[in-house]
Structures are given as structure tokens and as C-alpha cells.
Amino acid sequence: MTEIVMDAPYRPHALDAGQQGVIGRPLPRYEGPLKVAGGATYAFEDAPPGTLYAHIVGATIGAGTVTTIDTTAAEAMPGVVRVWAEHPDFKASAGNSSEPMPSWTREIDHFGQPVALVVAETIEAARDAAAAVVVGYAERPGRFDPREQAVIDDHGIGFLPRIDKGDVETALAAAPVTFDATYTTPPHFPAALEPHATTAWWDGDALTVRGSLQVLGGARATIAAALGIDKAQVRVLAPYVGGGFGGKTGVGPETVLAAVAARELGRPVKIALPRRQTAALVHHRGETVQRVRIGCDADGRITAFAHESVTSQKDNKGFLEPVPFGTLPLYAAEHRRFTTALTRVDLPASGAVRAPGEAVGTFAVECAMDELAEQLGLDPIELRRRNEPATDPTTGKRFTTRLMLDCYDEGARRFGWDRRDATPGAVRDGEWLVGMGMAAALRGNFTVNSEARVTLTSEGRAVIETDMTDIGTGTYTILAQVAGEMLGLPLSAIDVRLGDTDLPPSAGSGGSFGAGSSGSAVALACEDILAELALRMNAAPEELVLKDGIVSAGKRTAPLIDLVDKPIVATGKMGPGKESKATSQASHGAQFAEVAVNAVTGEVRVRRLLGVFDVGRVLNEATARNQMVGGMIWGIGYALSEEAVVDTRTGQFVNPDFGEYHVAVSADVPNVECHFLEAIDDSANPVGAKAVGELGIAGSGAAVANAIYNACGVRVRDFPVTLDKLLAGLPPV
């Protein structure tokens, strides 16, 4: 095994010197044909014989206590196999089990909390019987409105501590120019297309779970702990996941309940959460209130920067939306404050949704920079340029690769920023007011422990194995490309096996660290294989040239299969190290939007969206662009329509499905342009790739909001920007 920790910059020679010509190219998805032909197996599909269907009964109050559960009618319905109820006599109704269902309690702390489980022969029977379970409650007043709760500054949760550098208050008081405004964002749902689902079955004391999960190692440990068994008894499968967006990073109650029911009944059990139930049982992004204060001189050079936020979380949960995460290294200022305070609520848990921190933090900061630029009479890009730091302004660490200024320049050139009229409402197209806006984009880059095994077979094929998942991001394809480039093989000669905890453990999908981490593990394994091939060619590894299954070293040439009499197996492992800690690593970009606002109705249409991004090495241009464009479209939805609304009387989300929670759809989305400025970052990881997927969200919505202001002169700070917030301030037609 080759194991590298990032104690210093590292870059495999063979990846740069490869002759196969597959790395970086926009090759089609490895698993694409299987998916479009219906052969890819998702969590709720292809169940073992005799599989039963389960449906969770959720609480219909937001706070209180369960007093009674009447399952009589449900148990009498055709096809019903078992009804488990927590109260009043759970143990008696749980067959041979002396253990209650995990996490079940009489105390209700959020709407939709599981209170009973129905298992039946068909999904329809389970659903109908669940509706027949009658639950009695004793309600208590709930904490359903985050803004009415006490703000806790010293809460000790989340991964971002309070940051105070210098003396912000004194610097603000002394600044010739100051800015102070508050922005708000609502809760957001992950809104993945594939339902949150689980199929679970037992073979003796060994459990197999096929789930819609992003991080299998963590899921395995969580499931084992919940069931009171050793994690060696648990196998988790997730070869294909239909989107996750952070909502599938953890293990939901449906997974554990399916496993418990399968153990009790001796038959496989599957559960798929209906869309409306997903809102209650899957975490969401918490709402935020963000105050941005900036002090600068008359030329726009910032001396003080404060980004102070409040968000919420239910009791006994340790996650806190890291609102200022993307702000920390963004702009120079000697005096700095970044805080996130907490309120406690009786709502479903908040958690990591795609681009936690940056997705919402950039709304406030990038709109504030736009407002400050207007106050100073500066172009928004020029203000940002004057405050571009040379080193990380919060930690003092050196940047690895940072092409932020290049992204501004290239984006402005491609977008035609020089044609922008800075006067709001100055450009009309009939009854439409047209404007341009821009914003910076930043996503922190992480290095995460990851392993992969690569086998070179005697038939001249490479087999890649890791428990890494592909949630639509292109993992299958980019891992094949890394191995293909280094081993001189076309993708047709490579097999990729993912999503199985029997395989070497990986970082999993989340945090935009999967490609760099798992790709690096594959590259390190390939280096071991190349070292062995070099021995067989009586050459040094750097002398080898591999292409189309032929190995050359100097004047000697041999077919690859002639060098492999039996499989060569190698494992690569990589993780963070001294270089990771000593540097400030991030992906960067610039987002540009053109919008039209109807001067009569206030309707907003995005006409153009363009981004230029610095993401290190681009492993596959097509899958990287797909991720970036998807993120940019998320920004459109966040800017204009996405808002999870809580009924503060009951604690219930009133729009928990795609009929009422309005994500951006085709009619909302123009032709989106994405361009990359490649600068391989060998301090980030061996393959030199930095965060991609979540970067696209950062700044996209703020660019749209800034363009709306430029179009019509109405500044909205309470997102999303809906037409009712524009109408009163629109200029005369």
C-alpha cells in the first residue's frame, strides 16, 4: 500500500506524463448507459424475495407528549403484517423484542417525528394502515418561530468558532465610510430527486442495507450503534444514488426502522419516505439572519469587516450552519469579526445542505459589497480587486492556488461587463427593466482520508474498488479516467466498483472533497502498479510510457498483458497532513447575471448566467461543468423562489413537496455558461483537484439579486426576491 499524507506538495509524475489522453476530457459518464437503460439499482429497487413494505406514522403535533396510540383498525386491514407503536405498550406489540424502536419516545419535539411503524405486504397496504393509526397527544407550547427565541452566543456547537481579530468596533467608528445592513435567508430543503429509501435484510446476525446514502463508512457505524451490534455485522450498499445534496450524508430513521423490522419479522423490509414526510424526517438548511458591517477608506480599502449571523437548531443536535465559512478568506481587512449565534427550536433538525455556509453567507456578503460599491461610486469588480488579500486575512496562512482576480477579468470579458450601465433602471426593453450583477464565489477545499484498490488483471483490464459513492457527480467516470491516464488504458478496459462497505473505505460524497480524495487514492494505487511494471521492464517508473495497452521504456516495447501473468493488486491511501494545515485552500470564481424585471408585474426573468472558476485540475470537463451549472441553477432558485415555510402555530412545514417548494425548473433557467481556469493545486491532494460541486452555488444567487437591483433600483435583503417585494418600489412604466 502506498500511503501519502499531505505533509508537502505531492503530484504523481505518471498523471502529468500520461499519454492516454483521457484525463480532463469531457468523456461521457461511465455508468450512463446503465442508468438510461434502467439497469442501475437504487435503494428501493430489486428487493430480495418476500420483501415487506413499511410506512412511518409521524406525529401530527410539533411539541408535546404521546398519550395513546390505537392500532386496532390498522392491524385489521388486509395485508398488514405488524404495527409497532411506542405507547402505551410497545414491548408487547414488538414480538420477541425487548428493545424499543431506536429514538422512539413519548416526547414530541418536532412535527412528523416517528411514533409508529406499519409493515405490510404492499406499499399501498402499509400507507393506508398508517393513516388508520390513531394517536392521542397532550400538546405543549412549541418554539416554532426562531426569531422569537433567545439568542445564544456562547453555544459551543458547530465547527466554526467565533473569530475576533483586531478591534472591529474601534475601526468601524474611525472609518471614513461605513456600511451596515441585515439580510435574511429562509430554510432550504435538499430536494434530491430520488426518495430517501432503504431496503434491509438479515442473514443470521449479518445485516445488509441498501440505502440512499452519501457516506457509507459513517452510515455503517451509525446503523451498528443504533442496533447494538458490531459494525462488522453491517454491510451497506449504495452503488447508485439519485442525488443527495447533503440530505443523505447521515442515516435517517427510515434506515434503522427498516433494519429493526426486518430483524423482528425475519423478512426483508423496505421503506421510501413520501415527499411530504421527507421534510420532517430529513434535515434542512436552517434560516439565517445576517448582519454585515464594513468600514473602509474613501478609496474603498476595507479596514473592518464584521459578518454576524443567527441560525437555529433543535435540542441535542451539534450541527450549526457555518454561515461565514466562505467569507473568512475572501476580503482583506485588518479588523475582523465572524460569529454565528444560535436559537433552539422545536423543528426538524437543520443540517448540511449543499454548500453549507457559502450558499447563504454569500447572499449577504456579496450583496453588501455591491451596495458598498455603489455607495463609494466604484465598479463592484474594482472594489473587490482593491480588497484582494495576499494571504489568508483571517489565519495569515499562505494560499495554495488562487486565481480570483483572473476569474474577475475573464468573467467580465466573456460577459461584456463593460456594457453595464451602473445607474439602476437605466436600461429598458419594452416593459422590461434590464440589469447586470456579479458576485465572487468561494468554496473551502478539504483533504479527507480515502482508500482505493486497483487490480490490473492478466487480461489487461483495471478494476477500481472503493466504497466511494456517485450521487450523480461523476465519480465512476473520473476514477476511471485517473486510472486510464496512468495505466495507459481506454475507459472500455476499466471496471469501477463503488458503493459497498466491503470495499476499501473512502471519504464518501460530501463537502466537495470526494473527487480529489478518492481520485488521489486511485492515483497512488496506480503508482504502485507502475512501479511493479517498471521492475518487469527493467526500467525506472518515470521511464515508462503506457498507451492503449502497450508499455514502452526507451527502445523496449511490450504489450501490457505480457507483463501481467497474474493480477497485480495495489491499494492507495491518502489523507491530510502538515501542508493541509499550513495552507489556506479553496476554489474560487466570479459569477455574472443579467436579469429582466417586468416594470408592471415585478416578474423576474434571468436572461444570462455566466461563471468563471478556479477549481485546480479539472478531471472531467463535462462532469465538472455539469456540477457547476447545477450549482448555479440552485443559486437562481435560492434567489427567486426557494423558501421552506414553517407554520409558526404548529411547527409544520406548509410546502414540503415540489408542488409548493419551488426549485428552479427549465422555464426559469437560461443558457448557463461555465468556464474553468485550470491551475493544478498539488498542495490540495495528489491529483491536484479542488472543490467543484458546491462552488457553483456560492455567489450565484447574489449575482442575480445584484442584477435585479441594477435593473429596477429595488434592493431586497429578505430572500428570496419575490415579486411582492419589488412591486411597491418599481419605477413608473
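Counting begins at 1 with the first residue of the sequence.
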Next on the checklist: Rounded to the nearest 0.5 Å, what separates atom CD in Glu694 from atom CZ in Phe245?
Outcome noted: 11.0 Å
Item to check | Check: Asp724 and Leu726 side chains under 4.5 Å, non-hydrogen atoms | outcome: no
Checklist entry - Can you check side-chain hydrogen bond (donor to acceptor under 3.5 Å, both in side chains) on Arg29 and Asn626, steps first, answer last? => result CA-CA 11 Å; Arg29 289 179 181 270; Asn626 174 263; 3.2 Å; yes
Checklist entry - Do Arg715's NZ or CZ and the ring of Tyr709 fall within the cation-pi criteria of under 6.0 Å and 45°? => result yes
Next on the checklist: If you define the side chain from C-beta out and look only at heavy atoms, does anything of Ile636 sit under 4.5 Å from Pro670?
Outcome noted: yes
Checklist outcome for this item: Here the pair of heavy atoms bringing Val597 nearest to Gly602 is CG1-O, 4.1 Å
Item to check | Chi angles and distances behind the salt bridge (Lys or Arg N to Asp or Glu O under 4.0 Å) call for Asp145, Arg147 | outcome: CA-CA 5 Å; Asp145 188 343; Arg147 298 190 189 184; 5.6 Å; no
Checklist entry - Can any side-chain N or O of Arg106 pair as donor or acceptor with the backbone N or O of Val66 at less than 3.5 Å? => result no
Next on the checklist: Walk me through whether Asp718 and Lys725 qualify under salt bridge (Lys or Arg N to Asp or Glu O under 4.0 Å).
Outcome noted: CA-CA 9 Å; Asp718 178 25; Lys725 299 171 185 175; 3.7 Å; yes
Checklist entry - Does Ser700 reach the main-chain N or O of Met632 with its side chain, forming a donor-acceptor pair under 3.5 Å? => result yes
Checklist entry - Lys248 side chain to Gln214 main-chain N or O, any donor-acceptor pair under 3.5 Å? => result no
Checklist entry - Taking atom types as modelled and ignoring hydrogens, do the side chains of Glu321 and Thr288 form a donor-acceptor contact shorter than 3.5 angstrom? => result no
Next on the checklist: Ala219: which residues meet the side chain to side chain contact (heavy atoms under 4.5 Å, CB included) condition with it, sequence neighbours left out?
Outcome noted: Leu213, Val251
Item to check | Near-ring test Tyr476/Tyr240, centroid separation under 6.0 angstrom | outcome: yes
Next on the checklist: Can a donor-acceptor pair be found, under 3.5 Å and without considering hydrogens, that links the side chain of Gln591 to the backbone of Ala698?
Outcome noted: yes
Checklist entry - Does the pair Ser509 and Thr469 meet the rule for a side-chain hydrogen bond (donor to acceptor under 3.5 Å, both in side chains), with working shown? => result CA-CA 6 Å; Ser509 294; Thr469 51; 2.7 Å; yes
Checklist entry - For Arg291, what residues pass the side chain to side chain contact (heavy atoms under 4.5 Å, CB included) criterion, not counting sequence neighbours? => result Asp180, Thr182, Arg293, Glu308
Item to check | Geometric class of the Phe159/Phe446 ring pair [parallel <30°, tilted 30-60°, perpendicular >60°] | outcome: perpendicular
Next on the checklist: Return the OG1 to OH distance between Thr67 and Tyr137, rounded to the nearest 0.5 Å.
Outcome noted: 9.0 Å
Item to check | Test: Arg162 and Asp154 ion pair at under 4.0 Å | outcome: no
Item to check | Distance in Å, Thr249 OG1 paired with Arg354 CZ, rounded so as to fall on 0.5 Å steps | outcome: 13.5 Å
Next on the checklist: Under a 3.5 Å threshold, yes or no: a donor from one side chain and an acceptor from the other, between His307 and Thr327?
Outcome noted: yes
Next on the checklist: Before we go on, tell me: are the rings of Phe189 and Phe653 under 6.0 Å apart, centre to centre?
Outcome noted: yes
Item to check | Any donor-acceptor N/O pair, Thr394 side chain to Pro329 backbone, under 3.5 Å | outcome: no
Next on the checklist: Any heavy-atom pair between the side chains of Glu31 and Asp470 that's under 4.5 Å?
Outcome noted: yes
Next on the checklist: Check for me whether the distance between the ring centres of Phe319 and His283 falls short of 6.0 Å.
Outcome noted: no
Checklist entry - Is the closest side-chain donor-acceptor distance between Gln313 and Ser350 under 3.5 Å? => result yes
Checklist entry - Going by distance alone, is a donor N or O of one side chain under 3.5 Å from an acceptor N or O of the other, for Thr501 and Asp467? => result no
Item to check | Thr278 side chain to Pro274 backbone, donor-acceptor under 3.5 Å | outcome: yes
Next on the checklist: Go through it in stages, so that I can follow the logic: the residues are Arg276 and Glu660, the test is salt bridge (Lys or Arg N to Asp or Glu O under 4.0 Å), and I'd like the CA-CA distance, side-chain angles, deciding distance and then a yes or no.
Outcome noted: CA-CA 11 Å; Arg276 296 184 68 83; Glu660 297 293 336; over 6 Å; no
Checklist entry - If you look at every heavy atom in Pro348 and Ala280, which pair is closest and at what distance? => result CB-O, 3.5 Å
Item to check | Contact summary for Ala261 and Leu117, nearest pair of heavy atoms | outcome: CB-CD2, 4.1 Å
Next on the checklist: Are the side chains of Leu723 and Val604 in contact, using a 4.5 Å heavy-atom criterion?
Outcome noted: no
Checklist entry - If you take all heavy atoms of Gly243 and Glu194, which pair is closest and at what distance? => result O-OE1, 4.5 Å
Item to check | Side-chain H-bond candidate by donor/acceptor type, Ser517 with Ser450, under 3.5 Å | outcome: no
Checklist entry - Does the Gln277 side chain pair with the main chain of Ile56, one donor and one acceptor, at a distance under 3.5 Å? => result yes
Next on the checklist: I want to check something: taking the side chain as every heavy atom from C-beta on, are Ile157 and Leu342 in contact at a cut-off of under 4.5 Å?
Outcome noted: yes
Next on the checklist: Quick check against the 3.5 Å criterion: does Glu366 have a side-chain atom that pairs as donor or acceptor with the backbone of Ala440?
Outcome noted: yes
Next on the checklist: Using the rule given for side-chain hydrogen bond (donor to acceptor under 3.5 Å, both in side chains), can you reason through Glu107 versus Thr65, listing the C-alpha separation, both sets of side-chain angles and the distance that settles it, and then say yes or no?
Outcome noted: CA-CA 5 Å; Glu107 298 304 315; Thr65 304; 3.2 Å; yes
Checklist entry - Would one find more than 12 heavy atoms of other residues, nucleotides or ligands at under 6.0 Å from atom CG of Asn316? => result no
Checklist entry - Any side-chain heavy-atom pair from Pro195 and Leu273 closer than 4.5 angstrom? => result no
Item to check | Contact check, side chains of Phe719 and Cys367, non-hydrogen atoms, under 4.5 Å | outcome: yes
Checklist entry - When rounded to the nearest 0.5 angstrom, what distance separates CG in Asp315 from NZ in Lys317? => result 11.0 Å
Checklist entry - Strictly under 6.0 Å, is that where the ring centroids of His588 and Phe613 end up? => result no
Item to check | Intermediate values then yes/no, side-chain hydrogen bond (donor to acceptor under 3.5 Å, both in side chains), Tyr638 and Arg285 | outcome: CA-CA 12 Å; Tyr638 281 1; Arg285 192 196 308 276; 2.9 Å; yes
Item to check | Nearest atoms (heavy-atom pairs only) where Ser641 meets Val663 | outcome: OG-C, 4.4 Å
Next on the checklist: If we check side chain to side chain contact (heavy atoms under 4.5 Å, CB included) with Arg210, which of these qualifies: Thr41, Thr198, Val236?
Outcome noted: Thr41
Next on the checklist: Any side-chain to backbone donor/acceptor pair from His284 onto Ala349? Under 3.5 Å, distance only.
Outcome noted: yes
Item to check | Approximate separation, where rounding is to 0.5 Å, of Ser518 OG and Met468 CE | outcome: 4.5 Å
Checklist entry - Under 4.0 Å between a Lys/Arg side-chain N and an Asp/Glu carboxylate O for Arg143 and Asp109? => result no
Next on the checklist: Just verifying a value: how many Å separate Thr340 OG1 and His155 NE2, rounded to the nearest 0.5 Å?
Outcome noted: 6.5 Å
Checklist entry - Between the side chains of Asn445 and Gln585, does any donor sit under 3.5 Å from an acceptor? => result yes
Item to check | Leu640: which of Asp668, Thr722, Ile708, Val595 passes side chain to side chain contact (heavy atoms under 4.5 Å, CB included) | outcome: Ile708
